[in-house]
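Scroll down for the structure; my scribbles are underneath it.
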Amino acid sequence: MDHQPLLPGHRPWPDSHSSIDVVGTVGFAADAQGKWFTSPMSPSPDSALEVALTEAIRSARLLDVALAFPDTNSRTIEGAAVADLLVGLASRNEARGLSVRGLVIEGDVPLRHLAWSGPLKLDDCRINGDVQLSYARIDGELSFKGSEVDTLALNYARVEGRVACAGLVARRGLFALGCHITGSLTLQLAVLSAPSEPERRNRAALDLYRGVIGDLYANGAILEGGFYALGATFERNVRLAGAQVWPRAALGWEQGTDVGNGVDLTGATVGSSIYLWTTAKGPLKVHGGTIRLRNASCRILRAQAHQLGTDADLEGFTYSDIGPLTGAEMLAALDKQSPLPRKGYAQLASHAELIGDPGLRRAAMVHQQKRLGAQWRWRSPSRIRHELYGFLTAYGYAPGRALGWLVGCVALASILVRSQGAYLRSSNGAASLESWPAAIAYTLDQIMPFASSGYSDLWSYVPTNEVAWIWYYAFTLLKFAAWALAALAL
């Protein structure tokens, strides 16, 4: 059989131009429709598997290894051999895609910088090594559905299509730092475990740091070592309902600073919704860790109140709608957080204004100001002024409250005038100002700062003892307080 010249560093691949290649204990041929049939021949099984893979790559037809190779010992191939076939045929423009099921691969599959056009599917395969696709460029679907692998590395790879990994078992994690996946990354019911070694303390089970992904489906996934997506962009949705997550520390592993503590979406941008809960899948559960949404953004957050506990981080998180979590429950969640989530309260107030709930808006900002004031030293002038402002007008968010205090000042001042009217002398000969109508009229004329009826000008105050002087200063103090309250109410 004539072989094509070797590329540097690659093994030879079988020539598939003949109608039948006889290798191993089974002979394979492709008919005009590309369907496989077997023939009881007898050379090497490894070569037979390579022939089958070569034809599968050239035809882009599904190769079900379990059906084509009934003998389980004939289904194994080295990872380097798979890489040689893919790289070699792709470099010769003979590759149309690969769709294989049930393959057993021993060792790493080194495919860094692979340029590939067409589907690349290794479903229900057992890979005893890493699949290294970092910096690869794949124009087509990438699939590992139901497969087992040590590590799936997609760092800085670009996939023009979806990455289907439902049911994937990655014993040492899935890493896709800086990747760009135009379609969805599907991880439903996947089981991903981070590497446990101390030197890998900054690796989560699912690491999408600064990746750009169309959709993330991780419903029902198990992530042993956390989910880290700092600065990532999800063009549509992030679906985590029903997933279970353990941070590294909860598993007794050393945990670094760049791995999060459960689910970390710090600074992530989500075009539509973040699903932490759905009716069908139930809630995301983080065992011994936190949900961190600091400075993240989305249009809709779907979560339940108990998911945003004391350790949740919502500072700077922006959204347009929430549910079934209510605004009051979100406010309670913010109240539990430390340090003070100032932007979190402001965002809730903005949301309340958007949905037309002035009570929630006021409550959010009042809670923010209360906690802000609590940070100052109790007897400091700033703290005293802040507390007084809150007491009188709810920090300016309930200015109508000042009107009530203003009425109280007028009423108290009128009582003072009525009780001490004997010290007021009238210019028209009246002995004192002791009737309620007269006392109220005098008080109102004294308190009104910009307009006067002239009624108080008819009276002059003549204190004759210490009690009268105390009355005089108390009335003056109430008058200034009323002026201040009037200004606050306006």
Side-chain angles (χ1 to χ4, degrees), residues 34 52-67 79 82-83 85-91 93-103 105 109-127 130-149 151-170 173-192 206 208 211-221 232-239 271:
L53 284 172
T54 301
E55 286 301 324
I57 294 170
R58 283 175 168 154
S59 64
R61 295 182 182 276
L62 173 64
L63 171 60
D64 192 323
V65 177
L67 293 177
V82 174
L85 286 172
L86 293 172
V87 173
L89 291 172
S91 67
N93 295 321
E94 295 182 23
R96 295 181 57 193
L98 173 62
S99 297
V100 63
R101 180 183 299 149
L103 189 62
I105 300 176
V109 185
L111 294 171
R112 296 184 185 90
H113 300 281
L114 173 69
W116 184 263
S117 181
L120 183 55
K121 301 180 181 181
L122 290 90
D123 297 331
D124 298 316
C125 295
R126 188 169 75 247
I127 305 170
D130 300 338
V131 176
Q132 301 162 350
L133 281 163
S134 296
Y135 301 97
R137 296 294 180 266
I138 299 173
D139 186 5
E141 179 179 352
L142 180 63
S143 179
F144 294 90
K145 290 185 289 188
S147 292
E148 297 180 24
V149 65
T151 300
L152 177 55
L154 294 167
N155 299 325
Y156 305 100
R158 182 180 182 90
V159 181
E160 297 288 342
R162 71 169 181 159
V163 178
C165 295
L168 170 71
V169 176
L174 191 163
F175 308 138
L177 289 71
C179 70
H180 192 155
I181 300 171
T182 61
S184 58
L185 171 58
T186 60
L187 289 164
Q188 298 98 323
L189 303 178
V191 179
L192 311 180
L206 176 59
L208 304 179
V212 178
I213 299 167
D215 281 284
L216 174 64
Y217 291 83
N219 302 325
T233 298
F234 301 91
E235 296 176 350
R236 291 175 288 277
N237 302 297
V238 172
R239 302 176 187 270

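- N155 places a side-chain N or O within donor-acceptor distance of the main-chain N or O of L177, the cut-off being under 3.5 Å.
- The line from CG of L192 to CG of L152 is 9.0 Å long, rounded to the nearest 0.5 Å.
- Closest approach of C125 to G102, counting heavy atoms only: SG-N, 4.0 Å.
- Proximity of a side-chain donor or acceptor of S147 to a complementary backbone N or O of D124 within less than 3.5 Å is detected.
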The test is side-chain contact (heavy atoms from CB on, under 4.5 Å); show your working for V100 and D64 and say whether it passes. CA-CA 6 Å; V100 63; D64 192 323; over 6 Å; no
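- The 12-atom threshold is not exceeded at CZ of R126, counting heavy atoms of other residues, nucleotides or ligands nearer than 6.0 Å.
- The two atoms that bring R58 and R96 nearest to each other are O-CD, 2.9 Å, heavy atoms only.
- Inter-residue side-chain proximity for V149 and L168 is flagged as met; some heavy-atom pair is nearer than 4.5 Å.
- Summarising the geometry, atom CG belonging to L86 is positioned 11.0 Å from atom OG belonging to S91; distances are rounded to the nearest 0.5 Å.
- Between the OH atom in Y156 and the CZ atom in R158 there is a gap of 15.5 Å [rounded to 0.5 Å].
- Here the shortest heavy-atom pairing between L111 and A136 reads O-CB, 4.1 Å.
- Between A221 and L187, the shortest heavy-atom distance links the atoms CB-O, 3.5 Å.
- Using a 4.5 Å heavy-atom threshold, the side chains of L62 and R101 count as touching.
- R61 contributes atom CZ, which lies 14.5 Å from atom CG of L98 (distance to the nearest 0.5 angstrom).
- The shortest distance between side-chain heavy atoms of K121 and E141 falls below 4.5 Å.
- Across V238, I181, I213, a single residue satisfies side-chain contact (heavy atoms from CB on, under 4.5 Å) together with L208, and that is I213.
- When each of V131, L142, I105 is tested with L122 by the rule side-chain contact (heavy atoms from CB on, under 4.5 Å), just one qualifies, namely I105.
- In this structure, N237 contributes its side chain and R239 its backbone to no donor-acceptor pair below 3.5 Å.
- Interatomic distance, CG of L206 versus SG of C165, reported as 10.0 Å (0.5 Å rounding).
- A distance-only check finds a donor-acceptor pair linking the side chain of D123 to the backbone of K145 [under 3.5 Å].
- Rounding to the nearest 0.5 Å gives a distance of 11.0 Å between OH of Y217 and CG of L185.
- Under the rule for a side chain to side chain contact (heavy atoms under 4.5 Å, CB included), the partners of Q132 that lie at least two apart in sequence or sit in another chain are D108, P110, R112, D130.
- A donor-acceptor contact shorter than 3.5 Å is absent between the side chain of S184 and the backbone of T186.
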Taking it one step at a time, do R236 and D215 satisfy salt bridge (charged side-chain N to carboxylate O under 4.0 Å, His left out)? CA-CA 5 Å; R236 291 175 288 277; D215 281 284; 2.4 Å; yes
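- For the pair W116/D139, no side-chain contact is recorded, criterion being any heavy-atom separation below 4.5 Å from C-beta on.
- The side-chain heavy atoms of I57 and L63, taken from C-beta on, include no pair separated by under 4.5 Å.
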